[in-house]
Amino acid sequence: LGIGTTNPSYILDTAGTVSQIARFARSNGQANLSIEGVSGSSVISFGDGAAIGNTPVWSIGRKNSDNSFRINYNEASLDTTNYVTINTGGLVGIGTTAPGGSLDIQGTQTFSMLVRRFGAAANTGLGRSNGTQASPTAVANGDVLHQISFQGYDGVSAYQNAARVSALIDTGTISATSMPGVLTFG
């Protein structure tokens, strides 16, 4: 079906000179738009702005082989130039399609992660509680709050710990105004 074109290239092909070429609206409740690929990925691609039909610059969608959600550059197949992947377990990978933690950043850049704040000190909070997310409870003496591990690849099959900085609850009274802590190095 061609709208604004006499030679459609797709089942639904719209063309025109207005900036808003499509709108899907519902006046009283949730509106859904489904893009489903059977035995294939479901992808939305964004063109390069130079010419209609050029290779997509950015693509987002569901990868069929593992049902992950991906953001890709310069391709529509979601195969080789993955920048961000969210797997079905909710793990996020930047520079990897197989994240090994809640946030897994991989790459060859000088800085894997860079945090900057202008005009004041930058703060990064790393917090811990016992209990659950819905019902947190107080930490206790000796609890490890956070660890930063420095690892090197062993040349065979794994990354091995070389050094670690740990933040622990030290002995003392834990209260709304007191959180005794200590850093250890190992």
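Keep in mind that the numbers below use all heavy atoms, side chains included, and drop hydrogens, waters and symmetry copies. By convention here, the first residue in the shown sequence is residue 1.
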Legend entry - Nearest-0.5 Å distance, CG of residue N67 to OG of residue S41: 9.0 Å

Inset, instruction - Check whether any side-chain heavy atom of V92 sits under 4.5 Å from a side-chain heavy atom of P99, and report yes or no. - result: no

Legend entry - Nearest heavy atoms of T5 and D13, plus distance in Å: CG2-O, 3.6 Å

Inset, instruction - Working to the nearest 0.5 Å, report the span between OH of Y83 and CG of N74. - result: 8.0 Å

Legend entry - Pairwise salt bridge (Lys or Arg N to Asp or Glu O under 4.0 Å) hits with a residue in residues 105-128, at least two apart: R128-D143

Legend entry - Inter-residue atom distance T85.OG1 - L91.CG, 0.5 Å rounding: 11.0 Å

Legend entry - Shortest non-hydrogen separation from S45 to V43 and the atoms involved: OG-CG1, 3.7 Å

Inset, instruction - Ignoring hydrogens and angles, tell me if any N or O in the side chain of T81 forms a donor-acceptor pair with the backbone of N72 under 3.5 Å. - result: no

Legend entry - N130 (side chain) donor-acceptor with A138 (main chain) under 3.5 angstrom: yes

Inset, instruction - Determine whether more than 12 heavy atoms belonging to other residues, nucleotides or ligands lie under 6.0 Å from atom OH of Y159. - result: no

Inset, instruction - Quick one: sort the Y73 and W58 rings into parallel, tilted or perpendicular, breaks at 30° and 60°. - result: perpendicular

Inset, instruction - Indicate yes or no: at least one non-hydrogen side-chain atom of L145 is less than 4.5 angstrom from one of L126. - result: no

Legend entry - Pairwise side-chain contact, S59 with L78, heavy-atom cut-off 4.5 Å (strictly under): yes

Inset, instruction - Enumerate the residue pairs fulfilling salt bridge (Lys or Arg N to Asp or Glu O under 4.0 Å) with a member in residues 151-162, sequence neighbours excluded, ordered by first and then second residue. - result: none

Legend entry - I3 vs L12 side-chain heavy atoms within contact, under 4.5 Å: yes

Legend entry - Reported CZ-to-CG distance for the pair R26 and N32, which is rounded to 0.5 angstrom: 8.5 Å

Legend entry - Beyond-backbone contact of I174 with V139, side-chain heavy atoms, under 4.5 angstrom: yes

Inset, instruction - Output all residues satisfying side chain to side chain donor-acceptor pair (under 3.5 Å) with N161, sequence neighbours left out; order by chain, then residue number. - result: Q151

Legend entry - Name of the residue among I71, T96, T97 meeting side-chain contact (heavy atoms from CB on, under 4.5 Å) with V84: I71

Legend entry - Euclidean distance, H146 NE2 relative to L183 CG, rounded to 0.5 Å: 11.0 Å

Inset, instruction - For residues S129 and P136, report the shortest heavy-atom separation together with the two atoms involved. - result: OG-CB, 3.5 Å

Inset, instruction - State, with a plain yes or no, whether a side-chain heavy atom of F69 is found less than 4.5 Å away from one of I60. - result: yes

Legend entry - Given R70, K63, R62, the one that forms side-chain hydrogen bond (donor to acceptor under 3.5 Å, both in side chains) with D66: R70

Inset, instruction - Could you tell me the separation between the CD1 atom of I94 and the CD1 atom of I86, rounded to the nearest 0.5 Å? - result: 9.5 Å

